[in-house]
Amino acid sequence: MKLYSLSVLYKGINKSNLLKAAYDLSSFSFFQRSSVQEFMTFTSALIVERSSTGTRSSIKEQEYLCHVYVRNDSLGGVVIADGEYPSRVCFTLLDKVLDEFSRQVDSIDWPSGSPATISYTALDSYLAKYQNPREADAMTKVQAELDETKIILHNTMESLLERGEKLDDLVQKSEHLGTQSKAFYKTARKQNSCCEVM
Amino acid sequence: MAESEEEVDVLVQRVVKDINNAFKKNPNIDEIGLIPCPEARYNRSPIVLVENKLGMESWCVKFLLPFVHNKLLLYRQRKQWLDREALIDITCTLLLLNPDFTTAWNVRRWVLQQVLRQCRPRAAEQKEPGEVELGGAQGSPPNERLRRVLRDEMKVCAEAAGRYPSNYNAWSHRIWVLQNLAKGNLKILYDELSSMKLWVSTHVSDHSGFHYRQFLMKALVAELSRATDASCGPSQDLHRSHWPNGDGVGPAAAEESRTASVPELFGKELELCTDLIETYPGHETLWCHRRHVFFLWYHWRKEQSQDVGRQPSLLNHTDETLSGSLGASAGRNVQAMDVDLALEESKQTSYTQDSKRLKRGPLQLRPGLPSEHSFVTKILSGCRSPEQGRFAAAYRKWLDSVIGQ
């Protein structure tokens, strides 16, 4: 039961930009961590770009579940978790984080912001605290507030894309991914086992 | 880049040598990992050492794995000798690269059997093969060694289990180790049950983890039932469950562990199951576990009621020591349970927040069909997950068709 990343992004007209992120890559092997982090950033940005404002979604990709909330003011948050972690707690976390972020960081700074320019430091501790969903004590609160019927479910990343768009192309064009990560993705896709080496 | 067989051989020998040198250079290496790297750079070693992490570029794995596998096979066929250290290194490498590699686990077990043979004291020749007295009277060095071996094996199993969901091989190895290195040791069984609580609570769809708990339950029930059947007094059992060299476990605690009754054991396990089912709706593994545990309980009760003449009070007394329950009337139904009875579990309760649970409602202390049915009703009435509803309904059907004859 794990949380891998927690990101805050701004959904611009054409693309989204990353404002701040926290990662827990301890379960990945040491040498794969930088690639994994890049892919998580890439995925989070893509998800926010393809989600409408005012929506919550859960997207399944292999053994990961990505939960996203894009607010009406275009501030968005993405949690990447495993299949066991209760999704309700993720949405509570997103509500909380985005609320706090919007109060601490002026909205003027969102459209052009980046992790280097934005000063919001609570993401790491939220990610650590919520690794244990019960410790975070969010479960009872969510039962009452969240209307789960409104959460859009996607079974693959592909279903977020426009007709004719290919994930492979987006990977190649992405500025979030370094050359090594792109090369690795290409080989892994050929073997039909993304991110699985054996 | 086509390579001839000789070139491949030379390459692999070089890589294995690089790995050995890396371990010699840094004896504190705690991780071997793959570096995603599809192509080799000319004449550069694929082995990278960063602090305590050993990296292997992924392109060389397709050469390395068959080579190491082959070496292991030759060893097993007695066609090539490898000393114990080399064997451990090879099985470690194989397991790190592929935690599901069955042959490597088999070889590891074979090595452990050699260790056991060395450690077995002469007096134990009479015993069944594989059974070792860990609580040896003299507390001699072999027991210390075995304890360390046990700890190491548990550690290897835990690491392998974490890398790969439902890692059958890691868990069956763990079971094998307990059966061969810790046979009949109540303290270890209880410790394992307690320490695994947190693990299964954070891996609620890992069936192998729960299967391990089912094994522990079966072993504990067998041991506890045996202990009460034994006409010789508690002293013999203390001998078996007491670790030498003082683990902070005095005779009193050992006695306490032993006398925790079977119904209490089941009550606690079902409680854990209830807690997880309610907290994490929609995981079939949890419902499967419940079935196993309840069936075990049902089966045990049936056995007990068949031996009516012997110890009928066990069915009804959940809070008295075994020595005190003899002679009490059957049919008395004790409801209250001493919830403060401190077992090893207190070590790991911070996660499950026991105090909160007590306030939530009456604890399910006595397993039984009525309480199972009311549990299902409760779940169905409050559940918002369609899977959870399905699993609950299926469980009820199972209760009716299998149990409630």
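Protein chains get the first letters and strands the later ones, always in sequence-line order, with residue 1 at the start of each.
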With rounding to the nearest 0.5 Å, note down the distance linking [atom1] in [X] to [atom2] in [Y].
| X | Y | atom1 | atom2 | value |
| --- | --- | --- | --- | --- |
| B:Thr202 | A:Gln131 | OG1 | CD | 10.5 Å |
| B:His203 | A:Glu84 | NE2 | CD | 6.5 Å |
| B:Ile35 | A:Ser35 | CD1 | OG | 10.5 Å |
| B:Met56 | A:Phe31 | CE | CZ | 10.0 Å |
| B:Asn52 | A:Phe30 | CG | CZ | 9.5 Å |
| A:Asn132 | B:Ser201 | CG | OG | 9.0 Å |

- Note on the structure: chain A shares the most heavy-atom pairs under 4.5 Å, among B:Val204, B:Val48, B:Val50, with B:Val204
More than 12 heavy atoms of other residues, nucleotides or ligands under 6.0 Å from [atom1] of [X]: is that the case?
| X | atom1 | result |
| --- | --- | --- |
| B:Asn28 | CG | yes |
| A:Gln104 | CD | yes |
| B:Glu51 | CD | no |

- Task: Pick one of side chain, backbone, both or neither for A:Gln180, based on which atoms fall under 4.5 Å of a heavy atom in chain B.
- Result: side chain
- Shortest non-hydrogen contact from B:Arg384 to A:Arg88?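 Looking at all heavy atoms of both residues, the shortest contact is NE-NH1, 4.0 Å.
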- Task: List the atom of B:Asp275, the atom of A:Arg134, and the distance in Å for their closest heavy-atom pair.
- Result: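 It is OD2-NH1, 2.8 Å.
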- Item | Heavy-atom pair count under 4.5 Å with chain B, highest-scoring of A:Ser27, A:Gly83, A:Ser29 |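 Most heavy-atom pairs within the cutoff with chain B belong to A:Ser29.
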- Task: Under 4.5 Å heavy-atom distance to chain A, tell me which part of B:His283 shows up: side chain, backbone, both or neither.
- Result: side chain
